[in-house]
Peer 1: 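I am attaching a structure below and will ask some questions about it afterwards.
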Amino acid sequence: MQQLSGRTAVITGAASGMGRAFANRFAQAGMNVVMSDIEEPRLDEAVAEVAAHGTRVIGQITDVADGASVDELAERSFAEFDAVHLVCNNAGVAGGPSPDFINEANWRWVLDVNLWGVIHGHRAFLPRMIEQGGGHVVNTSSMAGHLPGHSPYTASKWAVVGISQGLYHQMQREKTGVGISCLCPGFVRTEIINSDRNRPESAAPPALYEPTAQEEMATLFMQEMVKGGRPPSEVADLVHDAVVDDRFWIFTDLEMVKTLQEKHDSIMENRNPASFGPLDS
Ligand SMILES: NC(=O)c1ccc[n+]([C@@H]2O[C@H](COP(=O)([O-])OP(=O)(O)OC[C@H]3O[C@@H](n4cnc5c(N)ncnc54)[C@H](O)[C@@H]3O)[C@@H](O)[C@H]2O)c1
């Protein structure tokens, strides 16, 4: 989508981290922006920041896990602006440190936000984008969407890669004019490690649960990697360029991408996969 100026972007999870950086980047490119998030005070602050670029920016409290809430976001976006040209399905939660394989509520929370959030975004926005003649959708997956891991986060991100690829082919085949990108970041310096701030009561870990040494080590490793990750503004530049050039894959860490070679080799050679080290679970 080469023309951005004067057009409209809708971004979920826009109060913090990458979503906020996308909002700033697309406003800088002259787009009007609908910023949505579940966290109200932070969203208000982020809207004020992004509005300083001079385009029209509005905020809408949205829980992406709730289909009706995403429908309201779409209604408001199309009502306030003539059309929606870019949708970034970006809101997400990490879901740890918690007993990922014994707590069903935790599985549901992470899948509801990370996977159903994307599905609701497609359902609520795509038909009207197709009707208006095109646009672009960016789905945020992760390198966790390519690497092994027995966790709801991994399950959600693999699913986002799969449905994004399927949607890409469908949009091409049907010549809808809607481009699709799948963002698969490595580590990025955001608040993702504090996702528990949005954890619903229903997904609380059992009171007596004590994380294993292995879980604690994995958590510490993740915290350090995220703290040392790429700045969100750099990822926003990559996303901006991928939208303009209509590119599907957006990777932020090419060294991590190289580790995927082993997986493909094991498939081609029909042998068991080798260990991926600290990210194995
Ligand atoms: N930071 C990383 O290292 C990294 C790596 C790979 C993928 N990701 C993905 O990037 C995306 C953005 O996360 P981030 O790293 O910027 O983290 P972040 O915590 O800084 O931002 C995530 C935003 O999503 C919002 N959110 C959470 N639950 C929500 C819900 N139910 N409805 C609406 N909004 C909700 C949060 O309030 C927050 O503003 C996520 O999908 C995440 O899984 C992050």
Side-chain angles (χ1 to χ4, degrees), residues 10-25 34-47 49-50 59-70 72-73 88-96 108-121 124 138-147 149 151-161 164 181-200 202-203 221-236 238-239 250-253 256-257 279:
V10 179
I11 300 166
T12 67
S16 169
M18 278 185 263
R20 189 162 173 160
F22 300 166
N24 272 304
R25 185 65 188 85
V34 182
M35 299 175 67
S36 72
D37 204 282
I38 201 168
E39 281 190 66
E40 191 157 13
R42 267 197 199 212
L43 181 61
D44 293 344
E45 184 197 298
V47 166
E49 174 186 297
V50 175
Q60 170 86 10
I61 293 298
T62 307
D63 178 358
V64 298
D66 174 2
S69 181
V70 181
E72 277 171 31
L73 172 65
C88 297
N89 291 308
N90 165 78
V93 291
R108 290 198 184 280
W109 171 48
V110 178
L111 290 171
D112 279 351
V113 178
N114 295 5
L115 172 56
W116 276 98
V118 174
I119 297 169
H120 292 316
V138 179
N139 291 331
T140 303
S141 176
S142 169
M143 281 307 293
H146 299 272
L147 295 168
S151 73
Y153 189 76
T154 300
S156 68
K157 296 301 185 181
W158 276 62
V160 170
V161 170
S164 300
S181 297
C182 184
L183 169 62
C184 303
F187 294 104
V188 184
R189 210 178 309 146
T190 70
E191 293 298 318
I192 194 75
I193 43 181
N194 300 318
S195 292
D196 273 13
R197 68 193 188 276
N198 290 312
R199 178 187 286 275
S202 60
F221 175 79
M222 288 296 174
Q223 285 171 347
E224 288 311 306
M225 296 308 280
V226 168
K227 275 188 213 153
R230 284 188 82 165
S233 59
E234 290 184 8
V235 180
L238 295 174
V239 170
I250 313 172
F251 288 102
T252 70
D253 184 338
M256 254 177 131
V257 171
L279 292 178

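Only a predicted model underlies this, so the values are computations on that prediction, with no experimental measurement involved. Remember, it's 1-based here, ligands and their atoms both numbered in the order they're listed. The figures here come from the full heavy-atom set of this structure, side chains too, leaving out hydrogens, waters and symmetry mates.
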Peer 1: Which option wins on minimum heavy-atom distance to atom 7 (C) of ligand 1: Ser16, Ser141, Gly19, Ala144?
Peer 2: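 The nearest heavy atom belongs to Ser141.
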Peer 1: How far is atom 29 (C) of ligand 1 from the closest protein heavy atom, and which atom is that?
Peer 2: Ile38 CG2, 3.7 Å
Peer 1: Name all residues meeting the salt bridge (charged side-chain N to carboxylate O under 4.0 Å, His left out) criterion together with Glu39; count only those two or more places apart in sequence or in a different chain, and write none if there are none.
Peer 2: Arg42, Arg197
Peer 1: Please work out which of Gly186, Ser142, Cys184 has its closest non-hydrogen atom nearest to atom 5 (C) of ligand 1.
Peer 2: Gly186
Peer 1: Would you mind running through ligand 1 and noting each atom that sits below 4.0 Å from a heavy atom of Gly13?
Peer 2: 23 (C), 24 (O), 25 (C)
Peer 1: For atom 33 (C) of ligand 1, grab the closest protein heavy atom and report residue, atom and distance to one decimal in Å.
Peer 2: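 Among all protein heavy atoms, the one nearest atom 33 (C) of ligand 1 is Thr62 O, 3.2 Å.
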Peer 1: Check each atom of ligand 1 against the heavy atoms of Thr140 and keep those under 4.0 Å away; list them by number with element.
Peer 2: 9 (C), 10 (O), 11 (C), 41 (O)
Peer 1: Enumerate the atoms of ligand 1 whose separation from the nearest heavy atom of Asp63 is less than 4.0 angstrom.
Peer 2: 30 (C), 31 (N), 32 (N)
Peer 1: May I ask which of Gly92, Ser156, Ala14 has a heavy atom nearer to atom 22 (C) of ligand 1 than the others do?
Peer 2: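 Of the listed residues, Gly92 has the closest heavy atom.
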Peer 1: side-chain contact (heavy atoms from CB on, under 4.5 Å) with Glu49: which residues, sequence neighbours excluded?
Peer 2: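 With sequence neighbours excluded, Glu49 shows a side-chain contact (heavy atoms from CB on, under 4.5 Å) to Arg20, Asn24, given in chain and number order.
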Peer 1: Regarding atom 40 (C) of ligand 1: of the candidates Asn90, Asn89, Asn139, Leu73, which has the closest heavy atom?
Peer 2: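 Nearest heavy atom to atom 40 (C) of ligand 1 lies in Asn90.
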Peer 1: Starting from atom 15 (O) of ligand 1, what is the nearest protein heavy atom, named by residue and atom, and what distance separates them?
Peer 2: Thr190 OG1, 2.6 Å
Peer 1: Which protein non-hydrogen atom lies closest to atom 8 (N) of ligand 1, naming both residue and atom, and how far is it?
Peer 2: Tyr153 OH, 3.5 Å
Peer 1: Tell me whether Trp116 at atom CH2 has more than 12 heavy atoms from other residues, nucleotides or ligands lying less than 6.0 Å away.
Peer 2: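 No, not enclosed.
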Peer 1: Going by the closest heavy atom to atom 38 (C) of ligand 1, which one wins out of Arg20, Arg197, Arg42?
Peer 2: Arg197
